[in-house]
Amino acid sequence: MTTGTTKKAVVSSVRSGVCHRWSKSLIPTTREAPNDAETPSHILLHRAGYIRQVGAGIYDYLPLAHRVLNKVGDIVREEMDAAGATELLMPALEPFELFEGTKRHEDYGANLFRLEDRKGRLNALAPTHEEVITHLMMGSVSSYKQLPLNLYQVQTKFRDEARPRAGLLRCREFIMKDAYSFHMHVEGPGGLNEAYDAMYRAYTNIFTRCGLDFTAVEAESGPIGGSASHEFMVNCASGEDTILKCPVSGYAANVEKCETGERPKGTLQEPPTGEWTEVHTPNLPGITEVGKAMGVKPERMLKTIVFSVDEGEGKSFKWIIATVRGDHDVNEGKVKTLAGVKKIAMADEKAARAAGFAIGYVSPKCVNAVPGTLLLIDADASHGGFWATGADKADYHAKHFNWRRDVGAALDDSGRVKVGDVRNALEGDPSPRAAGSKLVTGRGIEVGHIFKLGTKYSDAMGFAILDATQQKKSVIMGCYGIGVSRTMAASVEQNNDANGICWPAPIAPYHVLITLMKPEDPKQQEIAGKISCELVGKGIDVLIDDRDERAGVKFKDADLIGLPIRLTLGDKALEQGGVEYKTRRDTGKGEVVPIADVTAKCLAAING
RNA sequence: CGGGGUGUAGCGCAGCUUGGUUAGCGCGCUUGACUGGGGGUCAAGAGGUCGGGGGUUCGAAUCCCCCCACCCCGACCA
């Protein structure tokens, strides 16, 4: 997304750089990656000596990684501060009583790390800090005059992920920046929307400054509704998340949220293609296998999913069945919207069976067979022609399903059957924002997520204060997260080549690597000292490779660790009164630059 | 949680099918020599509870049982 990002110099002489020696650091590069590393960032961060695995989803951050994390953290802090937020630090250890109001330990379930202390009291390792900060605020803020406030921290988070994977991209312990804002109202000065917009801009600045190619996408709406949540996705083919974009309007959303333009609906009046014919299809795990067994392509099958409706909704139906084409996926959010209900859940298998649904073999006919059922038909599934479907009894599917013949009069009752959009958006779907434009898909790594919480937590925990009119009001909240360690990994996913990492200058652990061909040579030592002194004075961070290694080893390692600029001090260039200058992305051998010009050239390249 | 896979030296692997000297190889590491601008050569070394426990057997890295760890796919994921 493009916004008015201010171009910032990466370094300046206001703050000195640092100069470290390779021999005094711990940079254990390896020729080979561990066999269980498959993702580029995992392989390269390991091989280049940035990380080591301790356990599943648990990593050491070695000195180089620590410096990158600090650089990302510095950028985050600058932009958060500039956006009016203030840093604090909360504990990672959290007494379980804090969850009493929000019941989030139930939502998190096994993902929450639990531990008992010596007194037998239950504690959690915090997965995020809504409860902790709300608790803090309840004890510290008693007047509307103290709001708005936006507080943040950069801290280690813990989530017992069912499946940690891909190195730093999905960990059980990771570094996160989390911010929480507090307001008396949503609109206008000091309101939630203002803070949210400021965070949107700050995040855009942060990821731009980190040198990432990213997309801000609309994500699932919060309790307030509207476009209440955005995810910041690093564009990357290996990303876990699917995003969709409209090339004309710029609309972008994740697959859970993405709307589509109007798709053509069928009339539900077409004649049958043949007799209802049942086929024995036992023990087949998915629609693909069922299709194979029946000799039917998934796009000619109907997939019917059963949802239960919360009793509190007060609706005439307690079940919703949603029918989509076999090659499509039901979207729960769209089901809710089309049905006009706020809360649904995938049907409990036992309860659904008891009601008469043959789970795994459900057909749209259940709208008639099971009382209190609303049928939602996706537009793409509402056409005529041949359909195969579940046969409403265990181990059987059926061919030649026909809407009019097999569902009948219910189709004409809009209280029992609705046709609309209930599936996930796909590549090629019509854009919801620009007529004639089609959605394109991409993959992304979620590095940031901003969210309008509303009063979800303040209500649950009883955080309400008097406003100017002496009305007691629940405090309105927003929360804003950035995966700092994930951002580091995502950057490597985007910035590497066959030889190693290619850091963007703003988050590189050092800007310049000085490679001494003969580290014991006093002349090379002297020149390295002089150049590094000058560079440091300009705010540039320098690493000197002073190891007694062969040239080939040093060059290979230099490419691997990926610093933006390499200066080589060797006889060849020194005889010409210069040093060899090469940027990481430059594939050639570099150029000889007079010693007097080196600092200016580095500075220009780094800030360029 | 379901499916698949892997555990042998710091890293990458062979050996296991068909049990049998002292468990091998490459990289890395140590020492020495030669070398010296893209992971150099030669020589001599160090380094192992064969993931753990139990069992079968005269004898187990190898066969059997249980457990653990890690990876991949899926489910899940404020």
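Order of the sequence lines fixes the chain letters, A, B, ..., with proteins taken first and strands second; residue numbering starts at 1 for each chain.
The same atom, C1', is picked in B:G20 and in B:C29; the two are 34 Å apart, to the nearest Å. As rounded to the nearest Å, B:A46 and B:G39 have P atoms that lie 30 Å from one another. Atom P of B:U41 sits at a distance of 34 Å from the matching atom of B:U21, rounded to the whole Å. Atom name P, nucleotides B:G19 and B:A9: the rounded distance is 24 Å, in whole Å. To the nearest whole angstrom, the two C1' atoms, one in B:A14 and one in B:C50, are 13 Å apart.
Heavy atoms of A:Ala56 sit under 4.0 angstrom from primed sugar atoms or phosphate atoms, though from no base atom. Looking at heavy-atom distances under 4.0 Å, A:Glu130 makes no contact with the nucleic acid at all. Residue contacts shown for A:Ala126 are absent, as no nucleic acid heavy atom lies under 4.0 Å away. When heavy atoms are screened at a 4.0 angstrom cut-off, A:Arg52 is found touching no nucleic acid atom at all. Within 4.0 Å (heavy atoms only), A:Glu240 reaches no atom of the nucleic acid at all. Among the atoms of the strands shown, none is found under 4.0 Å from any heavy atom of A:Leu112. Note on A:Ala33: only backbone sugar-phosphate atoms sit closer than 4.0 angstrom, heavy atoms only; bases stay farther off.
Using Watson-Crick or G-U wobble geometry with both donor-acceptor distances under 3.5 Å, B:C42 finds its partner in B:G32. Judged by Watson-Crick or G-U wobble contacts below 3.5 Å, the nucleotide B:G37 has no partner. In a base pair of the Watson-Crick type (N1 to N3 plus N6-O4 or O6-N4) or a G-U wobble (N1-O2 and O6-N3), with each distance short of 3.5 Å, B:C76 is matched with no nucleotide. Across all strands shown, B:A69 forms a Watson-Crick or G-U wobble pair, both distances under 3.5 Å, with B:U6. Judged by Watson-Crick or G-U wobble contacts below 3.5 Å, the nucleotide B:G20 has B:C58 as its partner.
One atom, CZ of A:Arg31, and another, C1' of B:C27, lie 6 Å apart when rounded to the nearest Å. Across the protein-nucleic acid pair, A:Arg163 atom CZ and B:G2 atom P stand 14 Å apart, rounded to whole Å. For the pair A:Met199 CE and B:A78 C1', the interatomic distance rounds to 18 Å; values are reported in whole Å. In this structure, the CG atom of A:Asp521 is 13 Å from the C1' atom of B:G36, given to the nearest Å. Separating the CD1 atom of A:Ile305 from the C1' atom of B:A75 is a distance of 13 Å, rounded to the nearest angstrom.
Below the 3.5 angstrom threshold, one finds a donor paired with an acceptor across the side chain of A:Asp559 and the base of B:G38. Interface remark: the A:Arg550 side chain does form a donor-acceptor pair with the B:G40 base, using a distance-only criterion of under 3.5 Å. Looking at A:Arg170, its side chain comes within 3.5 Å of the base of B:C77 through a donor and an acceptor atom.
Note: A:Ser485 OG to A:Leu168 CG = 5.5 Å, rounded to the nearest 0.5 Å.
When distances run from any side-chain atom of A:Met517 to the nucleotides B:G37, B:A78, B:G36, the shortest one goes to B:G37. The side chain of A:Arg172 sits closest to B:C70 out of B:C27, B:G74, B:C70. Comparing B:A78, B:C1, B:G12 against the side chain of A:Glu32 picks out B:G12 as the nearest. Nearest nucleotide to the A:Phe555 side chain, out of B:G36, B:G37, B:C70: B:G37. Nearest to the side-chain atoms of A:Asp557 among the listed nucleotides B:G37, B:C73, B:G39 stands B:G39. Comparing atom distances between the A:Arg566 side chain and each of B:C29, B:G38, B:G26 picks out B:G38 as nearest. In the set B:G39, B:C76, B:G37, B:G39 carries the atom at the smallest distance from any side-chain atom of A:Val553. When the nucleotides B:A78, B:G38, B:G12 are ranked by their closest atom to the side chain of A:Lys456, B:A78 comes out on top. Taking the side chain of A:Leu560 as heavy atoms from C-beta on, and the options B:G39, B:C29, B:G37, the nearest nucleotide is B:G39. Comparing B:A75, B:G37, B:C11 by their nearest atom to the side chain of A:Glu580 picks out B:G37.
For the residue pair A:Thr323 and A:Thr304, a side-chain donor N or O sits within less than 3.5 Å of a side-chain acceptor on the partner. There is a side-chain donor-acceptor pair under 3.5 Å between A:Tyr180 and A:Asp178.
Neither OP1 nor OP2 of B:C71 sits under 4.0 Å from any side-chain N or O of A:Arg165.
Side-chain atoms of A:His46 do not come within 3.5 Å of backbone N or O of A:Ser41 as any donor-acceptor pair.
Proximity of the aromatic rings of A:Tyr361 and A:His397 is defined here by a centroid distance below 6.0 angstrom, and this criterion is met. Between A:Phe232 and A:His230, a ring centre-to-centre spacing not shorter than 6.0 Å is recorded. Under the 6.0 Å cut-off for aromatic ring centres, A:Tyr59 and A:His42 qualify, their centroids lying closer than that.
Between A:Phe182 and A:Phe463, the ring planes lie perpendicular to each other; the angle is over 60°, past the 30° to 60° tilted range.
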